[in-house]
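See structure below.
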Amino acid sequence: MWWKVDMVKMAVQLLPPVMRGGLTVALLKVLTLPVRYIYEQLTARRKNADRRLNTTANVMYIEKALNEAFYLKERQIWIESTEAEDVVFWHRRNELQKDCYMYRRTERGVMLKRRGECSYKDSFVVWVPTFLCTSENTEEDKYGGRNLREIRNLLSYYKPAGRTYRIELYDYE
């Protein structure tokens, strides 16, 4: 690509052909060392930014990011979506709220709950093999919670806003 530049080669090509001896090239290598260091840092950051931009918040890309973080080839970490519950809240007349529309006779019935009785389900479940973390408790975990912390950090970075998740452990055969 056009942004891949060999600084030493470029500096040697800028010299007149008469001055392209071994000592001058060695001097140019030393003089271009700070520029090469900065260039390598910038290309490493560019590669990291490209890797992050290629991974979006879709489920398959979250799975890809998790599996690549632990160098897993056989997709041992996967994500399942949970089914959403149809919940309608009801209230009493003394709460001074408008009546809410429940359902028509032609529709199927829904579960009615009071405010505060809502069951908060997670948006998705992340299945993690036990060879990465043995317990969700850091004291009981064989690795001290290091891998589980890395999984949670990746999930909080890549998951869509407002989504919740649960981590489940399974025995890998």
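Side chains included, hydrogens not; waters and symmetry mates left out as well; all remaining heavy atoms used. Not measured: the values here are computed from a predicted model.
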Checklist line | Smallest separation among heavy atoms of Cys133 and Leu148, with atom names | finding: SG-CD1, 4.0 Å
Note to self: Tell me whether the count of non-hydrogen atoms from other residues, nucleotides or ligands lying under 6.0 Å of CG in Asn137 goes above 12.
What the structure shows: yes
Item checked: Heavy-atom pair of closest approach, residues Ala69 and Leu154 -> CB-CD1, 3.4 Å
Check: Taking a hydrophobic cluster as the set of Ile, Leu, Val, Met, Phe, Trp and Tyr residues connected by side-chain heavy atoms closer than 4.5 Å, whether directly or through intermediates, do Tyr170 and Leu155 fall within one such cluster?
Finding: yes
Notebook entry, point to check: Mind checking whether Ile79 and Val125 sit in one hydrophobic cluster, side chains of I, L, V, M, F, W, Y counted as touching below 4.5 Å?
Noted result: yes
Margin query: Taking Val5's backbone N and O only, do any of them form a donor-acceptor pair with Tyr39's side chain (distance below 3.5 Å, no angle check)?
Written below: yes
Checklist line | Minimum heavy-atom distance between Leu15 and Leu28, given as atom pair plus value | finding: CD1-CD1, 3.2 Å
Note to self: With a 4.5 Å cut-off on side-chain heavy-atom distances among I, L, V, M, F, W and Y, is there a chain of contacts connecting Val25 to Val35?
What the structure shows: no
Notebook entry, point to check: How far does CG of Asn67 sit from CD1 of Ile77, to the nearest 0.5 angstrom?
Noted result: 5.0 Å
Check: With side chains defined as the heavy atoms from C-beta onward, is the minimum distance between Ile151 and Phe70 less than 4.5 Å?
Finding: yes
Checklist line | With Glu136, the salt bridge (charged side-chain N to carboxylate O under 4.0 Å, His left out) member among Arg166, Arg149, Arg152 | finding: Arg152
Check: Between CZ of Arg75 and CG of Leu66, what distance do you get to the nearest 0.5 Å?
Finding: 11.5 Å
Next item on the list: Could you tell me whether the side chain of Thr24 and the main chain of Met19 form a donor-acceptor pair under 3.5 Å?
Entry: yes
Check: With a 4.5 Å limit on heavy-atom distance, are the side chains of Leu72 and Phe131 in contact?
Finding: yes
Note to self: Show, in sequence, the C-alpha distance, side-chain angles and deciding distance for Leu42 and Ile38, and conclude whether the side-chain contact (heavy atoms from CB on, under 4.5 Å) test is met.
What the structure shows: CA-CA 6 Å; Leu42 288 174; Ile38 292 171; 4.1 Å; yes
Checklist line | Point-to-point distance, once rounded to the nearest 0.5 Å, from NZ of Lys73 to CD of Glu68 | finding: 8.0 Å
Check: How long is the span from the CE atom in Met10 to the OG1 atom in Thr32, to the nearest 0.5 Å?
Finding: 9.0 Å
Notebook entry, point to check: Can you find a heavy atom in the side chain of Met7 that is under 4.5 Å from one in the side chain of Tyr37?
Noted result: no
Notebook entry, point to check: Where do Val12 and Arg20 land on the side-chain contact (heavy atoms from CB on, under 4.5 Å) test, with the steps shown first?
Noted result: CA-CA 7 Å; Val12 168; Arg20 293 183 187 168; 4.1 Å; yes
Item checked: Geometric class of the Trp127/Trp78 ring pair [parallel <30°, tilted 30-60°, perpendicular >60°] -> parallel
Next item on the list: Report whether Ile167 and Tyr143 are members of the same hydrophobic cluster (ILVMFWY, side-chain heavy atoms less than 4.5 Å apart, transitive linking).
Entry: no
